[in-house]
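Reviewing the structure listed below.
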Protein chains: 2
Amino acid sequence: MANIQEIARLAGVSTATVSRVINKHGYVSDLTRQKVLGIIEELDYVPNANAISLKKGETRQIGIITISFSPIIINFVRAFTLFAEKNGFIITLFITNGEPEKELIALEMLKRKQLDAIVCLIRSNEWDVIESYARYGPIVIWQRLQNKNLPSVFMEQFHAYWTGLEYLHSKGYRKILSIYPMSKGLNTKERIRAHSEFVKKHNLMAYSFPHFEDKTLVRDGEKLAKWWVSQEVRPDAIFCANDEVAAGLMTALRRLGFSIPGDLGIMGFDNTEVAHLLDITTIDYPIDQQAENAFIILHNKLNNIKNKLNTLTYRLVERRST
Amino acid sequence: MANIQEIARLAGVSTATVSRVINKHGYVSDLTRQKVLGIIEELDYVPNANAISLKKGETRQIGIITISFSPIIINFVRAFTLFAEKNGFIITLFITNGEPEKELIALEMLKRKQLDAIVCLIRSNEWDVIESYARYGPIVIWQRLQNKNLPSVFMEQFHAYWTGLEYLHSKGYRKILSIYPMSKGLNTKERIRAHSEFVKKHNLMAYSFPHFEDKTLVRDGEKLAKWWVSQEVRPDAIFCANDEVAAGLMTALRRLGFSIPGDLGIMGFDNTEVAHLLDITTIDYPIDQQAENAFIILHNKLNNIKNKLNTLTYRLVERRST
DNA sequence: TTGTACGCGTTATCAG
DNA sequence: CTGATAACGCGTACAA
């Protein structure tokens, strides 16, 4: 396959000139530029990416690690990809299925200079393992974490959750059940804290329900519907871990003939598409801006600059499920 | 960061020796090997992947292109990744969302030598565009296609589908409705052909239903349930485009109080996990072997060898939905 | 405006 | 068993 030297030879110029034409650096006369471009066209020449990477010490590839896909993850990836591509980066996806070795492949690629940076959405290895790779290139985390080597774009959820609870209270709900996402996550802890302080503040200790954690799927919501139906004393509102759970819960109950919000108030979290579709009250959680922040952090580290991050703000979106 | 020269200097040997130690080529005395390995360990050295790629003219990275995820695609990717990793390749996923430019990113990476080969599961560009990249490296296709530059691992579906239909007939079903997957696909055409010949053979022209295409999701199956309920003259069996549609259909109908297979026989296709889970009769479609074949084809082309492909065989899996 | 020459980090050939 | 050294293909001072 043709290389830069062949182009140079055929165009009757030096490789430096060809390089200048390709990269639009420095001065090249129009005549030689045309000449060179002609040959490039003719030979269908493209620069060898590996040579460039070796020379520049960067691949302009960023890896994104996740265990699997959920709507909010897809949104994050989509948004991040947009920003990255605008800046000439390519995204490589690593779906680990929870296997630590798969995650290590990405981490090793960072170490071996095949990746310039990594975004870790949902990890499979212990934090200290991931942290040990931070010296090889910037790694940004999505989950909440306090670690000076692993910046995180998490958004504090206590107040957002509190806002949701207060809203439900203002609508007259008193027997409120909270459904929590991943049990190991700090966000879950924050929500639990918000809920228990809320219960204390309004003196709602009397209404206690089982503790539901690790509920993040539509199916979880559907199962929840069965549970709700089977209860003697039912919650009058359920604040779901995310919009998917809320959607599963709502559709399952309606299918069984119950009325939402007549029989039960339902609230989601994240404001993903399904919440819009099914008219579910939810908390808008600015995932696009988190993705942009993730990119800005990496970009800053890569270029030793200090562009400002977006300040993230949640927002209650009132719809017709409450 | 440390490079091979520094290791050589510190170990008091030449870079050639260090390279030999790393790659386990040729002869190195135990003593110097230990010495070199010690320094490598000490400096936490890893070879720079870009330099190796440049030198060897290969990256040992294979790209997989798909529009999005479905269970069967996930299975393919999982299986392919297994074979690839066993042979020292890394997989990069390109999820295009149907945008041709995203697909072009992968294709361009092949051209620029960042990818050694590509598997195209579901394309977004026209075939001739994809074909024009075949000169830069092996590309294997999943969908059915006749093209000498683009080998395909598709599996002929006419007989498999025919087998399914004959099975339904043997169980006494006469009013059989077929649901088809992607309308543009050749597989759909094959299935339509099988169905119409089947109808002719058994003289079932009297029972005709609307034509359903592009049904591949659980949701599609659920909608189908509504349609079925609303009909005056109902099919007595539905041969679904895949297991997901079958699953959606079955669960929705059971939820409405119908009995499967009492009121309706349901048959899936692919034999993915959900068919096992819900006990759905289906056609086992050996996706793992297709994935392995895809890898074998690429591997053969890359190394100019001729390993044999698996011969693919479908199989009817009788369960309790018919 | 253009060319020369070196270095990026490896592997592999050839000589010792 | 080990060491020089020439590629691999490109970008870029520095010189002209």
Side-chain angles (χ1 to χ4, degrees), chain A residues 1-37 39-40 43-61 88 108-116 136-137, chain B residues 1-37 39-40 43-61 88 108-116 136-137:
Chain A
M1 195 104 312
N3 59 21
I4 202 174
Q5 316 208 30
E6 192 169 347
I7 303 295
R9 191 171 52 76
L10 261 42
V13 296
S14 73
T15 61
T17 303
V18 177
S19 178
R20 276 190 283 260
V21 169
I22 293 167
N23 300 299
K24 296 166 184 163
H25 278 163
Y27 299 99
V28 185
S29 77
D30 266 1
L31 200 70
T32 51
R33 186 199 322 285
Q34 294 313 324
K35 179 83 182 164
V36 170
L37 287 175
I39 306 284
I40 286 178
L43 294 208
D44 189 30
Y45 164 79
V46 258
N48 180 310
N50 296 125
I52 296 176
S53 294
L54 172 59
K55 179 67 191 173
K56 293 205 180 176
E58 62 173 37
T59 56
R60 299 200 82 75
Q61 261 188 271
E108 280 296 324
M109 282 175 74
L110 182 69
K111 187 171 179 181
R112 298 170 64 105
K113 305 279 179 197
Q114 286 193 270
L115 252 28
D116 288 351
Y136 306 119
Chain B
M1 198 103 310
N3 59 19
I4 201 175
Q5 316 210 30
E6 192 169 348
I7 303 295
R9 188 170 54 76
L10 260 44
V13 297
S14 73
T15 61
T17 303
V18 177
S19 178
R20 274 190 284 262
V21 170
I22 294 168
N23 299 297
K24 295 165 185 165
H25 278 163
Y27 298 100
V28 183
S29 77
D30 266 1
L31 200 71
T32 51
R33 188 200 320 285
Q34 294 313 325
K35 178 86 182 158
V36 170
L37 287 175
I39 306 284
I40 286 178
L43 294 207
D44 188 30
Y45 164 78
V46 257
N48 179 311
N50 296 124
I52 297 176
S53 295
L54 172 61
K55 178 67 190 169
K56 294 206 178 174
E58 61 172 38
T59 55
R60 299 199 83 75
Q61 261 187 272
E108 281 296 323
M109 283 175 73
L110 182 68
K111 187 170 180 181
R112 299 170 62 106
K113 304 279 179 197
Q114 285 194 271
L115 252 30
D116 288 353
Y136 305 118

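These values consider heavy atoms only, across backbone and side chains, with no hydrogens, waters or symmetry-generated copies. In what follows, every chain begins at residue 1, and chains take the letters A, B, ... in the order their sequences are listed.
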Rounded to 10 degrees, the angle between the two terminal axes of the helix from C:dT1-D:dA16 to C:dG16-D:dC1, each from five pairs:
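Roughly 40° between the end axes, to the nearest 10°.
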
Taking every non-hydrogen atom, the tightest pair across [X] and [Y]:
X	Y	value
A:I22	A:Y45	CD1-CE2, 3.6 Å
A:L115	A:L110	O-CD1, 3.3 Å
B:I52	A:R112	CD1-NH2, 3.9 Å

With a cut-off of less than 4.0 Å, is there a side-chain N or O of A:S29 near OP1 or OP2 of C:dT2?
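A:S29 to C:dT2 OP1/OP2: side-chain N or O found under 4.0 Å.
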
Between [N] atom [atom2] and [X] atom [atom1], what is the distance in whole Å?
X	N	atom1	atom2	answer
A:K24	C:dT1	NZ	C1'	19 Å
A:K113	C:dT10	NZ	P	11 Å
A:N50	C:dT11	CG	P	14 Å
B:I7	C:dT11	CD1	P	12 Å

Among B:V21, B:T17, B:I40, exactly one meets side chain to side chain contact (heavy atoms under 4.5 Å, CB included) together with B:I7. Which residue is that?
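Single pass found, and it is B:I40.
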
Once salt bridge (Lys or Arg N to Asp or Glu O under 4.0 Å) is applied, do any residues pair with B:K113, and if so which ones, sequence neighbours excluded?
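In terms of salt bridge (Lys or Arg N to Asp or Glu O under 4.0 Å), with neighbours along the sequence ignored, B:K113 is linked to no residue.
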
Could you check whether any side-chain N or O of A:T59 sits under 3.5 Å from a backbone N or O of A:Q114, counting only pairs where one atom can act as donor and the other as acceptor?
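It does hold such a pair.
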
Would you say A:N50's side chain and B:N50's backbone share a donor-acceptor pair under 3.5 angstrom?
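No, A:N50 side chain to B:N50 backbone: no donor-acceptor pair under 3.5 Å.
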
Any chance you could list the contact pattern along nucleotides 7-16 of chain D? Use B for base contacts, S for sugar-phosphate-only contacts and - for none, protein heavy atoms under 4.0 Å, 5' to 3'.
BBBBBB----

Non-hydrogen side-chain atoms of B:E6 and B:L43 separated by less than 4.5 Å:
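Of all side-chain heavy-atom pairs linking B:L43 with B:E6, at least one is under 4.5 Å.
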
